Amino acid sequence: MKKIGVFTSGGDSPGMNACLRAVVRGALYYGIEVYGIHRGYRGMIENDIHKMTSRDVSNIIQRGGTILKTARSQRFMTKEGREKAYQNLKNLEIDGLIAIGGNGTLTGMKAFSEEHKIPFVGAPGTIDNDLNGTDYTIGFDTAINTALEAIDKIRDTADSLERGFFIEVMGRHCGDIALLTGIGGGAEIVMLPEIVDDLDEIVESITQMLANKKTSLIVVVAEGDELGNAEELGEKVKEKIPKFKFRVTNLGHIQRGGSPTAADRVLASQLGLGAVEGLLSGKTNVMVGQLKRKLVYTSIDECLKPRKIDNELIRMLRILSI
Ligand SMILES: Nc1ncnc2c1ncn2[C@@H]1O[C@H](COP(=O)(O)OP(=O)(O)OP(=O)(O)O)[C@@H](O)[C@H]1O
Ligand SMILES: O=P(O)(O)OC[C@H]1O[C@](O)(CO)[C@@H](O)[C@@H]1O
């Protein structure tokens with residue numbers, strides 16, 4: 001292998017830059033040329049591909065977002081788009097790829113590699129923590145700490161004005177952000193896409209908590225909860241418990257930005273170098289991850305299977321919120 005391409009794709013996540021830095025410097029260390037593909041699959045199709053030096057990744061380890069930019073590309077979902085992308089890589093003689101992104105990005109690489117024989121290793125760059133094959137994805141730790149800081153602030157108002165808050169966090173299909181921020185923020189209830197909730201039971205437990213002299217409460221709602229988003233849920237609960245004041249806050253994209261935490265910078269650096277070393281040792285169609293502090297490579301098919309929620313954490317939250 002002589003030339004590899006690297007790109008960031010899907011939503012940005014804090015730590016993508018740290019991962020990119022590790023990929024570029026790791027590859028250069030082994031004497032491999034590195035090409036940065038701008039705006040993910042879009043740049044691969046539009047031939048927005050540039051050779052990188054070690055200096056291109058100076059002073060980025062602490063920066064949120066991604067210097068390569070990122071995008072969601074409809075065209076890559078088509079065979080024609082993927083063919084164009086392949087021709088561009090072929091013209092540059094790129095013979096290996098490192099994809100930093102979430103489950104959509106890895107799904108895209110799976111489709112690509114079924115049609116074009118180019119070795120690749122994925123690195124889990126997403127705040128969602130929705131991939132198997134790694135305990136944590138790059139960006140998740142920063143995202144939950146950002147959300148937690150916001151929840152702590154909202155709690156001040158909830159406490160002073162004696163209100164309930166429905167706080168929406170990100171996670172279309174995965175409730176990990178909601179679960180961990182719920183635990184860390186001392187939430188009374190978390191609502192996750194993986195758990196089928198019953199509105200009457202939620203109303204009943206809130207009523208019980210108020211009877212139990214709670215004067216404020218926090219409900220953390222994952223955006224993909226099957227009963228609806230925080231706005232919809234808040235409206236339904238307000239109707240059923242009119243004597244208590246509820247407010248709704250959607251934390252939105254602040255969760256995706258900002259300087260990565262120490263944990264994310266270290267994880268991103270390990271996985272970036274691990275991706276390069278995996279690719280050079282002949283691994284392909286795998287994602288590099290970390291399980292119980294060990295670097296591991298897991299097949300893309302396995303990584304894309306639905307991730308199970310930690311029921312033990314849910315049990316704990318319920319006990320501790322009475
Ligand atoms: N089935 C597919 N076939 C081909 N390409 C795909 C497929 N699914 C996703 N992709 C490509 O991967 C890109 C990124 O996927 P997506 O927008 O779902 O983000 P992601 O990688 O899951 O990141 P995040 O977790 O931050 O949302 C898509 O815009 C598309 O170009
Ligand atoms: O930036 P967009 O396209 O609104 O994406 C939002 C989605 O991206 C994610 O944040 C992942 O990056 C999801 O949790 C969320 O649903």
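All ligand and atom numbering here is 1-based and tracks the order in the structure. For clarity, every value in this text was computed on a predicted model and none was experimentally measured. In what follows, residues are counted from 1 in the order of the sequence shown.
Scanning the protein for heavy atoms near atom 26 (O) of ligand 1, the closest one is Gly11 N, 3.0 Å. Residue, atom and distance of the protein heavy atom nearest to atom 21 (O) of ligand 1 are Thr105 OG1, 2.5 Å. If you check which protein heavy atom lies closest to atom 6 (C) of ligand 1, you get Met77 SD, 3.2 Å.
Residue nearest to atom 15 (C) of ligand 2, selected from Arg72, His173, Glu223: Glu223 (by heavy-atom distance). In the candidate list Met16, Lys110, Arg72, Met44, Arg72 is nearest to atom 17 (O) of ligand 1, counting heavy atoms. Heavy-atom proximity to atom 15 (O) of ligand 1, evaluated over Gly104, Gly81, Gly102, is greatest for Gly104.
Contacts of Arg82 with ligand 1, taken as heavy-atom pairs under 4.0 Å, involve the side chain alone. The proximity of Phe76 to ligand 1, defined as any non-hydrogen pair under 4.0 Å, involves the side chain as well as the backbone.
Aromatic ring pairs are classed by plane angle as parallel below 30°, tilted from 30° to 60° and perpendicular above 60°; the pair Phe7 and Tyr41 is tilted.
Heavy atoms of Gln74 stay at 4.0 angstrom or farther from ligand 1.
For ligand 1, the polar-atom distance check finds an N/O of Arg172 within less than 3.5 Å of one of the ligand's N/O atoms. Between Tyr41 and ligand 1, no N or O atom pair is found at a separation short of 3.5 Å.
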